Structures are given as C-alpha cells and as structure tokens.
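Quick caveat: nothing in here was measured; it's all calculated off a predicted structure.
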Amino acid sequence: MSPISFPHAPAPFFSTLDCLHALTAALPAWPTQQDYDQLLASARHSGITLPPTLRFACDLEPEAYYEMHIGSTGEVPTRSENWHDWFNALCWLIWPQSKSALNARHVRAIERGEVKRGPLRDAATLLDECGVIVASCRPDLLAALDDMDWQTLFIDNRAAWGREIVPLVLGHAVFEQALSPHPGWCAKALLVEVDADFFSLPQSAQLAALDSRLASALNKDDWLHSPRQMPPLPLLGIPNWWAANRDPAFYQDTDYFRATRRAKSASVVLSS
C-alpha cells in the first residue's frame, strides 16, 4: 500500500518518503490500529527518534481541540482509509521534531486565547499542510524563489536541482494532492540555507538535520508569524518532477508562473 508504488502518481512527488519505504512496503492494505502501532514500533526500532507518547489513534473523536488533544496525550486522531491522515502519519515519521513543534505552537496560541486562527496559527497550518522545505547552498537560488523569478530558478539553473537545491515535502496535503496533480498546483516554500556538503548526505541525514533546525526555529513564536513569509512554489515547475516542463515553453503560462507581487524581504529564511 506504499503510495510510492502507485503507478498513477509520479514518483518524484513522493521522493521525500523514500526513506520510509522499508517500513511501509509490507503493509498489505489500509493500516488498521494494529498496523499503525506496529509501524511506530518498527520506526523506533529502526532508530527514528519519535515523541515517546506518539500514537496514531484510529477514528478517535477527541473531546478537546485536535491540537490540544495531541499536546496532552500524544495521540494523533487518524481516520481509517483516509489518504490525508495516512500521509500525516508518514510526515510524523519523517519530521517528528518539526511536527511536535508545530503542534506545540498551536497549543501555546490556544492557551493564550487564540482559538480562532490568526496569522501565527495560519502560518503553522499552511506549513503543516502545504509546506515544502527548499534547501539550497546558493542564496541566489533562494532569492530567485523569493522573487518568483521562474526563469532563473527553473530554466537558467535547471541543472542545480538535486545538486545545489532540493525540495523536501513536509505538508501532508501536498502528498495527498500529488495523487492527482493538476495545473496551477502550488505549495508554500520554506527557504533554508545549507552548506554544500549537505548534498553529499543520504536523504535520511538531510531530513534529520533539517527537522532539528526547523523545530528549533518553530519554538520561537516571533519566527514565521505570517503565511506571507512563505513564497508560493509551483510544483509542476520543479525540474524532473513533471515531464512537460522539459520544454521551456511550459514556463510561459503566466497564470501559473506569475510574476512577483510580493514585498521584498517578505520571506523568512532559515540561515545556516
């Protein structure tokens, strides 16, 4: 049942999940509660450091707010046979520190009386649902993304993707939408500066390093306090993620690849 093997979904969209393939490949069908419990046990046995109370609770209807229930019990309400929640569980395995930090941010806001979402909680929600971490050792490429300079980012520097810049999906809704990619599909990008040697690391080490850095930043509520601080990322434009973008004419669709209307220095950058 591993989504990476689904033939109708281009594999590059799920490449961030590659490190979990050994854990998920043996699942014969939609996970039951027993399967989810075994998945967590196997993940811990493999060396993944997870919150000690983390558990995916099938079809649980919590009495408290979703985030408050997770914060107080470690239980993540998880609907059975539901792509959105399945991918959410996988993201907990890939980004355990960041997911914990995002939930803690919601808990702090709710405890301050911010039950309705404001900019801080909106930013946390968008990162959790639609976020893609874009790590690069070249500040000029991160600046091009911030400026929505698609010519520089996707065409002039096409060969840099995978070598000097890499997208790693954090948002579980991105994985769900990848089952049926469509023109106009965008994510929210969080820009991260890394050293050049980052790209020589195995994916699991890259993810662990980014997870630790991101969680530390998210623990400070004055960082990433607005959705506007994450630029849009047209996912079908990422080189090697969509066959049609091999033709430079693909990027001439200005409804999809829009010129920037964002304020300069609007984005946050997680510096190295």
Side-chain angles (χ1 to χ4, degrees), residues 16 49-51 54 65-68 70-72 74 76 88 91-149 153 165-174 186-195 198 201 205-233 235 260-272:
T16 310
T49 302
L50 300 173
L54 178 65
Y65 287 111
Y66 175 84
E67 295 88 356
M68 297 298 287
I70 296 172
S72 62
V76 179
N88 185 46
C91 287
W92 271 98
L93 301 185
I94 298 171
W95 306 95
Q97 295 184 63
S98 297
K99 293 283 283 186
S100 295
L102 283 165
N103 191 79
R105 176 174 281 214
H106 281 290
V107 169
R108 290 194 299 271
I110 292 171
E111 289 177 340
R112 290 194 298 263
E114 299 174 26
V115 177
K116 293 185 178 180
R117 288 177 180 166
L120 180 69
R121 292 192 66 203
D122 281 346
T125 299
L126 279 173
L127 179 59
D128 190 32
E129 295 272 351
C130 305
V132 173
I133 309 303
V134 180
S136 180
C137 60
R138 289 180 51 184
D140 62 311
L141 295 181
L142 296 179
L145 175 51
D146 189 23
D147 291 339
M148 299 167 64
D149 180 357
L153 185 67
I165 183 170
V166 65
L168 294 163
V169 177
L170 185 151
H172 50 286
V174 175
C186 285
K188 282 289 191 177
L190 184 66
L191 313 182
V192 181
E193 294 180 353
V194 294
D195 297 329
F198 173 87
L201 299 173
Q206 292 179 350
L207 291 167
L210 292 173
D211 187 34
S212 177
R213 289 178 58 192
L214 179 57
S216 295
L218 288 167
N219 286 332
K220 304 172 185 177
D221 287 346
D222 59 351
W223 185 82
L224 191 62
H225 51 75
S226 169
R228 289 181 56 83
Q229 294 180 298
M230 293 179 288
L233 176 61
L235 293 170
T260 183
R261 295 191 181 94
R262 304 176 72 247
K264 293 293 183 182
S265 71
S267 298
V268 295
V269 179
L270 191 54
S271 300
S272 58

Atom [atom1] in [X], atom [atom2] in [Y]: separation rounded to 0.5 Å?
X: Ile133; Y: Leu190; atom1: CD1; atom2: CG; result: 4.5 Å
X: Gln229; Y: Leu127; atom1: CD; atom2: CG; result: 11.5 Å
X: Met68; Y: Asn103; atom1: CE; atom2: CG; result: 9.0 Å
X: Leu126; Y: Asp122; atom1: CG; atom2: CG; result: 6.5 Å
X: Leu93; Y: Asn88; atom1: CG; atom2: CG; result: 10.0 Å
X: Gln97; Y: Leu210; atom1: CD; atom2: CG; result: 11.0 Å

Exercise for the section: Report the C-alpha separation of Trp92 and Val76 in whole Å, then their side-chain angles, then the decisive distance to 0.1 Å, and conclude whether the side-chain contact (heavy atoms from CB on, under 4.5 Å) test is met. Expected result: CA-CA 10 Å; Trp92 271 98; Val76 179; 3.8 Å; yes

Problem - Salt-bridge contact Asp221-Arg112 (side-chain N to carboxylate O under 4.0 Å) - result: yes

Practice task
Indicate yes or no: does Glu67 engage Arg121 in a salt bridge with an N to O separation below 4.0 Å.
Solution key: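 Counted as a salt bridge, because a side-chain N and a carboxylate O are separated by less than 4.0 Å.
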
Find out whether [X] and [Y] are in side-chain contact, i.e. whether some heavy atom of one side chain is under 4.5 Å from a heavy atom of the other.
X: Pro231; Y: Leu145; answer: yes
X: His106; Y: Glu114; answer: no
X: Val194; Y: Arg213; answer: yes
X: Lys188; Y: Leu233; answer: no

Minimum heavy-atom separation for [X] to [Y], with atom names?
X: Leu224; Y: Met230; result: CD1-CG, 3.8 Å
X: Trp95; Y: Leu170; result: NE1-CA, 3.5 Å
X: Arg105; Y: Ala124; result: CD-CB, 4.0 Å
X: Ser226; Y: Ala123; result: C-CB, 3.6 Å
X: Leu201; Y: Ala205; result: CB-CB, 4.1 Å
X: Glu193; Y: Val269; result: CG-CG1, 3.8 Å

Practice task
Give me the one residue out of Ile165, Val134, Asp146 that meets side chain to side chain contact (heavy atoms under 4.5 Å, CB included) with Leu153.
Solution key: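 Exactly one pass, corresponding to Ile165.
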
Handout entry: side-chain contact (heavy atoms from CB on, under 4.5 Å) evaluation trace for Tyr65 with Ile70
Key = CA-CA 9 Å; Tyr65 287 111; Ile70 296 172; over 6 Å; no

Practice task
Answer yes or no: does atom OH of Tyr66 have more than 12 heavy-atom neighbours from other residues, nucleotides or ligands under 6.0 Å?
Solution key: yes

Mark yes or no for whether [X], through its side chain, and [Y], through its backbone, hold a donor-acceptor pair below 3.5 Å.
X: His172; Y: Asp128; value: yes
X: Asp211; Y: Ser98; value: yes
X: Ser216; Y: Ser212; value: yes

Problem - Full working for side-chain contact (heavy atoms from CB on, under 4.5 Å) between Leu168 and Val132 - result: CA-CA 6 Å; Leu168 294 163; Val132 173; 5.9 Å; no

Practice task
Test Leu191 against Leu270 for side-chain contact (heavy atoms from CB on, under 4.5 Å), laying out the working first.
Solution key: CA-CA 6 Å; Leu191 313 182; Leu270 191 54; over 6 Å; no

Exercise for the section: With sequence neighbours excluded, give me every side-chain hydrogen bond (donor to acceptor under 3.5 Å, both in side chains) pair touching residues 132-144. Expected result: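 For residues 132-144, and leaving out neighbouring residues, the side-chain hydrogen bond (donor to acceptor under 3.5 Å, both in side chains) pairs sorted by first residue read Arg138-Asp140, Arg138-Asn157, Arg138-Glu164.
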
